[in-house]
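Nothing here was measured: the structure is a model prediction, and the numbers come from that model. So that the names make sense, note that chain A is the first sequence line, chain B the second, and so on, each numbered from 1.
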There are 2 protein chains.
Amino acid sequence: MAKAENSDGEKLVKAFHGAHHAHGRCVGRALSRADALCRQRGARLTTMRRRVLELIWDSHKAVKAYDLLDRLSDGEKPVRPPTVYRALEFLMAHGLVHRVDSLNAFVGCSGADADHNAQFLICQQCGDVSEMDGAAIGKAVARQAQLAGFTVRRQTVELHGECPRCTAS
Amino acid sequence: MAKAENSDGEKLVKAFHGAHHAHGRCVGRALSRADALCRQRGARLTTMRRRVLELIWDSHKAVKAYDLLDRLSDGEKPVRPPTVYRALEFLMAHGLVHRVDSLNAFVGCSGADADHNAQFLICQQCGDVSEMDGAAIGKAVARQAQLAGFTVRRQTVELHGECPRCTAS
DNA sequence: GAAAAAATGTTACTTTATAACAATGCATTT
DNA sequence: AAATGCATTGTTATAAAGTAACATTTTTTC
């Protein structure tokens with residue numbers, strides 16, 4: 001996760017983006033990563049899949065499947081649910097997109113590697129979702145579970161609250 | 001959370017129940033707690049709400065709303081979705097039931113107080129769900145989020161994996 | 001027991017997601 | 001380039017999860 005300094009010179013984890021950040025870079029980074037990853041694995045990032053990924057990266061908010069559907073469709077050629085869900089399935093399988101269970105919605109994966117335990121910070125005000133790859137949390141969680149004799153295979157950690165930007169204003 | 005000793009004399013947190021535990025007690029405890037809590041608050045634990053709560057406590061698995069619906073209905077008098085969802089809404093508002101987002105399903109709340117941050121351990125094999133009131137996790141999570149300038153208001157923590165009983169066999 | 005409030009019933013619909021099969025596209029061999 | 005085979009997308013239909021709006025009944029309160 002990128003670090004930045006605030007006005008007091010403190011180190012802050014920069015998980016959320018400013019309102020007017022150069023979003024093109026987020027998108028660009030995500031798409032080239034997708035390209036690279038798929039090439040490397042011999043997976044096909046088809047036009048449809050790429051379009052879906054781009055639409056998801058259009059913002060940092062979680063996107064509903066049926067919103068994607070609407071945006072992909074024009075009156076002449078409506079796109080049907082299975083098409084979108086299949087693209088999402090592919091993108092999730094390759095770690096390019098995550099499903100946010102508590103929202104029934106999808107966000108682009110900004111994490112480094114494919115198979116990681118991500119946590120999500122979801123702003124209840126602006127709707128922006130930020131991904132934390134907090135190994136610390138992952139471990140705390142796994143340790144606590146271990147006390148109950150439980151082996152963690154997959155975790156859903158979704159934190160709803162207020163992002164720095166909305167807190168400030 | 002109750003403690004128990006295993007064969008080595010170690011202290012273990014007993015979050016999961018044995019296969020043949022005296023389940024009547026779980027149910028009994030849950031129902032009397034519900035009675036007490038509602039009386040105390042002047043809330044009405046009506047027949048319908050109580051029936052739904054009982055059905056949920058029928059097992060330690062998460063229950064789907066439409067399963068409840070089926071079980072509440074007989075051919076003559078089908079119960080409709082809003083009835084069940086309203087009962088669930090009431091039970092959740094009073095902290096008697098939790099929704100498990102990653103399963104679209106509901107479990108009885110075994111936690112002590114009403115307004116708590118619960119974490120769920122979900123066994124992928126047997127389907128049993130256990131509630132951890134891990135203040136430790138809650139805090140670790142909130143602390144980590146704070147580093148990103150994020151204020152946590154509500155958390156969804158759902159851990160999928162293997163419970164002790166299924167691990168053993 | 002009449003009025004008000006709370007809970008439940010009812011109808012209809014929205015949103016989210018998947019199953020099953022058909023058609024198309026793409027990649028490799030020949 | 002035609003033939004084969006597999007992956008992807010299209011299409012139809014339906015399942016599963018949840019809610020809005022209004023009618024009826026039950027409970028409480030005055």
Side-chain angles (χ1 to χ4, degrees), chain A residues 34-35 37-39 41-56 61-94 96-107 127 156 158, chain B residues 34-35 38-56 61-94 96-107 127 156 158:
Chain A
D35 281 330
L37 211 141
C38 288
R39 196 158 354 97
R41 295 188 190 173
R44 293 171 48 198
L45 190 61
T46 59
T47 308
M48 180 58 71
R49 290 164 178 173
R50 204 165 208 281
R51 279 175 75 198
V52 169
L53 186 57
E54 280 172 16
L55 284 174
I56 286 177
K61 303 184 197 324
V63 188
K64 302 255 165 191
Y66 275 72
D67 283 355
L68 294 171
L69 207 51
D70 289 346
R71 291 202 257 158
L72 288 167
S73 299
D74 62 29
E76 308 293 292
K77 277 233 143 209
V79 167
R80 312 289 180 178
T83 303
V84 168
Y85 281 103
R86 283 190 289 228
L88 289 170
E89 190 181 25
F90 172 90
L91 295 169
M92 286 195 292
H94 290 282
L96 299 170
V97 155
H98 291 291
R99 202 192 123 93
V100 182
D101 286 332
S102 57
L103 299 176
N104 291 346
F106 303 83
V107 288
T156 300
E158 300 172 7
Chain B
D35 282 329
C38 287
R39 196 157 356 96
Q40 175 194 321
R41 295 189 190 171
R44 293 172 48 199
L45 190 61
T46 60
T47 308
M48 180 58 72
R49 289 165 179 172
R50 203 166 208 281
R51 279 175 75 197
V52 169
L53 187 58
E54 281 172 16
L55 284 175
I56 286 176
K61 303 183 195 328
V63 187
K64 302 256 165 189
Y66 275 72
D67 282 355
L68 293 171
L69 208 51
D70 288 345
R71 291 203 257 157
L72 288 167
S73 299
D74 63 29
E76 308 293 292
K77 279 232 140 209
V79 167
R80 312 289 180 182
T83 302
V84 166
Y85 281 103
R86 282 192 288 229
L88 288 169
E89 190 181 25
F90 172 90
L91 294 169
M92 286 196 292
H94 290 283
L96 299 170
V97 155
H98 292 292
R99 201 191 124 91
V100 182
D101 286 332
S102 57
L103 298 177
N104 291 346
F106 303 83
V107 288
T156 299
E158 301 172 7

Point to revise | Flag side-chain contact, heavy atom, 4.5 Å: L55(A) against D67(A) | key: no
Point to revise | Partners meeting salt bridge (charged side-chain N to carboxylate O under 4.0 Å, His left out) with R99(A) (sequence neighbours left out) | key: D101(A)
Review point. Starting at CG of L45(B) and ending at C1' of dA6(C), how long is that distance when rounded to a whole Å?
Key: 15 Å
Revision key, fill the gap. DNA chain D: first to last nucleotide in contact with chain B (atom under 4.0 angstrom from a heavy atom), 5' to 3', is dA17(D) to dT27(D)
Study note, to complete from the structure: Walking DNA chain D from its 5' end, the first of P78(A) and R44(A) to be reached, judged by nearest nucleotide, is R44(A)
Point to revise | Reading 5' to 3' through nucleotides 14-21 of chain C, protein heavy-atom contacts under 4.0 Å coded B for base, S for sugar-phosphate only, - for none | key: --BBBB--
Name the atoms and distances for all side-chain donor-acceptor pairs under 3.5 Å in residues 46-54 of chain B, with sequence neighbours left out.
unit_1, atom_1, unit_2, atom_2, d
T46(B), OG1, R49(B), N, 3.4
R49(B), NH1, R44(B), O, 2.7
R50(B), NH1, E54(B), OE2, 3.2
R50(B), NH2, D35(B), OD2, 2.8
R51(B), NH2, L72(B), O, 3.4

Practice item. Please check the phosphate of dT8(C) (OP1 and OP2 only) for any side-chain N or O of T83(B) closer than 4.0 Å. Key: no
**Study point:** With S102(B) via side-chain hydrogen bond (donor to acceptor under 3.5 Å, both in side chains) - residues at least two apart
**Key:** E158(B), H160(B)
Review point. Excluding sequence neighbours, so at least two apart, what forms side-chain hydrogen bond (donor to acceptor under 3.5 Å, both in side chains) with R71(B)?
Key: D58(B)
Check your understanding: If you look only at pairs with a residue in residues 76-86 of chain A, which of them pass as a salt bridge (Lys or Arg N to Asp or Glu O under 4.0 Å), with sequence neighbours excluded?
Key -> none
Review point. Got a sec, which residues hit ring-ring contact (aromatic ring centres under 6.0 Å, His included) with Y85(B), two or more places apart in sequence or on another chain?
Key: none
Study note, to complete from the structure: Whole-Å distance, R80(B) CZ to dA7(C) C1', equals 17 Å
Revision key, fill the gap. With sequence neighbours left out, the residues meeting side-chain contact (heavy atoms from CB on, under 4.5 Å) with D70(A) are none
